[in-house]
Amino acid sequence: MLQNAGRILQAIPGLKPIVHCITNYVTVNGCANIVLACGASPIMAQNVAEVEEVASFAKALVLNIGTVDNVEAMVLAGKKAKSLGTPVIFDPVGAGATSLRNRTAERILKEVKPDIIRGNMSEVRTLGGLAASTKGVDAAAEDSAGIGTSAKMLRDIAKDLNAVVVATGVKDLVSDGRRVYHIENGHSMMAYVTGTGCMLSTMTAAYAAAAGKEGYLAAAIGATAAMGIAGEMAYEAVMTLGAGVGTFQQKLFDAIFAMDASTLLERGKVYEDTV
Amino acid sequence: MLQNAGRILQAIPGLKPIVHCITNYVTVNGCANIVLACGASPIMAQNVAEVEEVASFAKALVLNIGTVDNVEAMVLAGKKAKSLGTPVIFDPVGAGATSLRNRTAERILKEVKPDIIRGNMSEVRTLGGLAASTKGVDAAAEDSAGIGTSAKMLRDIAKDLNAVVVATGVKDLVSDGRRVYHIENGHSMMAYVTGTGCMLSTMTAAYAAAAGKEGYLAAAIGATAAMGIAGEMAYEAVMTLGAGVGTFQQKLFDAIFAMDASTLLERGKVYEDTV
Amino acid sequence: MLQNAGRILQAIPGLKPIVHCITNYVTVNGCANIVLACGASPIMAQNVAEVEEVASFAKALVLNIGTVDNVEAMVLAGKKAKSLGTPVIFDPVGAGATSLRNRTAERILKEVKPDIIRGNMSEVRTLGGLAASTKGVDAAAEDSAGIGTSAKMLRDIAKDLNAVVVATGVKDLVSDGRRVYHIENGHSMMAYVTGTGCMLSTMTAAYAAAAGKEGYLAAAIGATAAMGIAGEMAYEAVMTLGAGVGTFQQKLFDAIFAMDASTLLERGKVYEDTV
């Protein structure tokens, strides 16, 4: 799996795919920079008068509801991208935190049907509940599932949502509804930099653009491992320098910029779970 | 006072209070990162359809009019926070610069009644004038007050506004309407990084959330001293490295991340003024 | 020409001109910081209820359509600035990429008549076509011009638009409609940091504010050379440190902060073209 991911990563600079992002104003700069750092080309465009046109030439689309803006633009761009077979990555920031976010996430799931979803475990479980409830399934039962059953739960959610789903946390989980992988890279200091999740979703879009439809699972695993490894490398640099979170953020971009297939293979800790 | 501030700072990571920010798109990323760096948890949410819900679970609220957006959301969230006893911090960016900003600041003062106000001296004096004028007091007379009388003036403004007021500048002043403190930390290079004021307001919210209502004065003093000390430490690092403002910004975050009660006590220069 | 540019640069901190920016949410933080780093004072204000008031006291205005927001505010502020003789710098981000961007750029050209335009060669050629088409000139013929004729083409576009035009790329070109200069500073790593173009446009505004109307050409050349030199210096620092794009971005700000007339003269590679 990591060898596939490495090939995808190496293909990005040659393709220089345009990644269309409709996202939040908090972390948008980091999202644009992470796309550049891995060799792709970002375009942030959310005006309803142009998003379909942009989606028609972009090679991947990211929908991020971090500040729940531009939802109409997200639906318009999302439908256009789907109609063209362009991968749509959805980041359901704050799903579960407010009813507006739940309604918005539900709308995007229904109307756009994203190909890849990346959130933290709580957000992903909320999405699983939303998907389940619309089919009359007992969401409450799913919500009570413990962490021990999280791999199976994620597989079921991915199956329900018909998407590759990435649930990040202390341990990252990725599933396409059939197989489940967990990734043991990363560092706790990543939680002290705003936007590492948003940046991972955006980088996943760059990988997906280079991977093609059959490679979405490998793209999601590769991007998640790459971000985790970059976190480890940034932490090592910070320790060497006796520095803190400001330096960590900078070194995270340095590490993504330097990431290559051999680093992914050497440092990636990706394991398939039996579920 | 600094010992109280130190206890507040040490309490933040254990409480990990959610700080709700309705702010401007220029400095929002730094505001989120500064909240994380001192151990709290930021949520940037300004959609009118959810701000009251977010304000109902957040432990502090920041209203920043840097680009004079989302004023309805600010009033809605502010009223909700006040009704729950959640501290509301107001940053009147650019008050005095345009009539729109004056009207907006006046509306927030009247309708929300913030607990803590943080601005530069010019903005704070404008607020004092707005408050005064609504009560028929001679604002012009107040405005002509010289720098020598600034401590007394700040005390009167804080009393009028019934808030803890922080006026930052070469020397920072803090008053709760009874006592006045000045803080001699900081470095002139801070003026070369956009958003140090916005970040201080946001960090003050994290301190206030951990302090509780009786501790707002100590929270404001502690956050102001911490930011000033971080500026000094960042400048020292920049001098060692032979660097400039880009490095300074990074080192400022490193210093806030490393800030603890003993550093506050050792390096804090906080003095009570007799007024 | 570089000596003029050096004098302009040296004048900025004494004047501390206010640079009014109506720009995009992706790169706005870097734009504010670059203005500060060269000694000017940024104000980001886009509310239609205040932009004319802000434009009336600002010393330069930047209009950047990176996310095609706030177009009404741009036109209002632009007309006010022009009526006062305040320099207006236009950054036509993405012109040529969507029809919305073309219509918006055309509107700003017609209704505001910017003094300085800064874009990449593709954007500038699109503007040339828009200007030409409105006068019935054969835009298609111009569009087919090769890179060998780019100096002459830029001169004609600048003449048509009655503006100083900066076209950045591997080689940067600047023309006021009569003379054409090319600048050979810069480094390819600049393309891996989002917003270097937006930042150059904003810094050009600071230079133009200090230059006065007769100095717009020297201001544009000086800012472009300064940004290119900063890119070279940042790259040198990154090589010394064995770092990547995160560090590069930080060092770019360090270099702009340290930039002075003698560095401009020593390292600037500015040549007049014969056209």
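Because the structure is predicted, anything quoted here is derived from the model rather than measured. Just so it is clear: chains get the letters A, B, ... in the order the sequence lines come, proteins before strands, and each one is counted from 1.
- Closest approach of C:Ala37 and B:Val245 over heavy atoms only: CB-CG2, 4.0 Å.
- Side-chain contact between B:Phe248 and C:Gln250 is absent, with no heavy atoms from C-beta onward closer than 4.5 Å.
- Identified by a heavy-atom distance below 4.5 Å to chain B, the contributing residues of residues 5-28 of chain C are C:Thr23, C:Asn24, C:Tyr25, C:Val28, in residue-number order.
- By the salt bridge (charged side-chain N to carboxylate O under 4.0 Å, His left out) test, B:Asp172 is found to be paired with no residue, residues two or more places apart in sequence or in another chain being considered.
- Inspection of non-hydrogen atoms places C:Gln46, C:Asn47, C:Ala49, C:Glu50, C:Glu53, C:Val54, C:Phe57 of residues 46-60 of chain C under 4.5 Å from chain B.
- C:Asp254 places a side-chain N or O within donor-acceptor distance of the main-chain N or O of B:Thr247, the cut-off being under 3.5 Å.
- Atom CD of B:Glu184 has more than 12 neighbouring heavy atoms from other residues, nucleotides or ligands inside a 6.0 Å radius.
- Residues of residues 64-85 of chain C placed with any heavy atom under 4.5 Å of a heavy atom in chain B are absent; none qualify.
- Side-chain contact check for B:Thr194 and C:Asn33: no donor-acceptor pair (N or O, by modelled atom type) lies under 3.5 Å.
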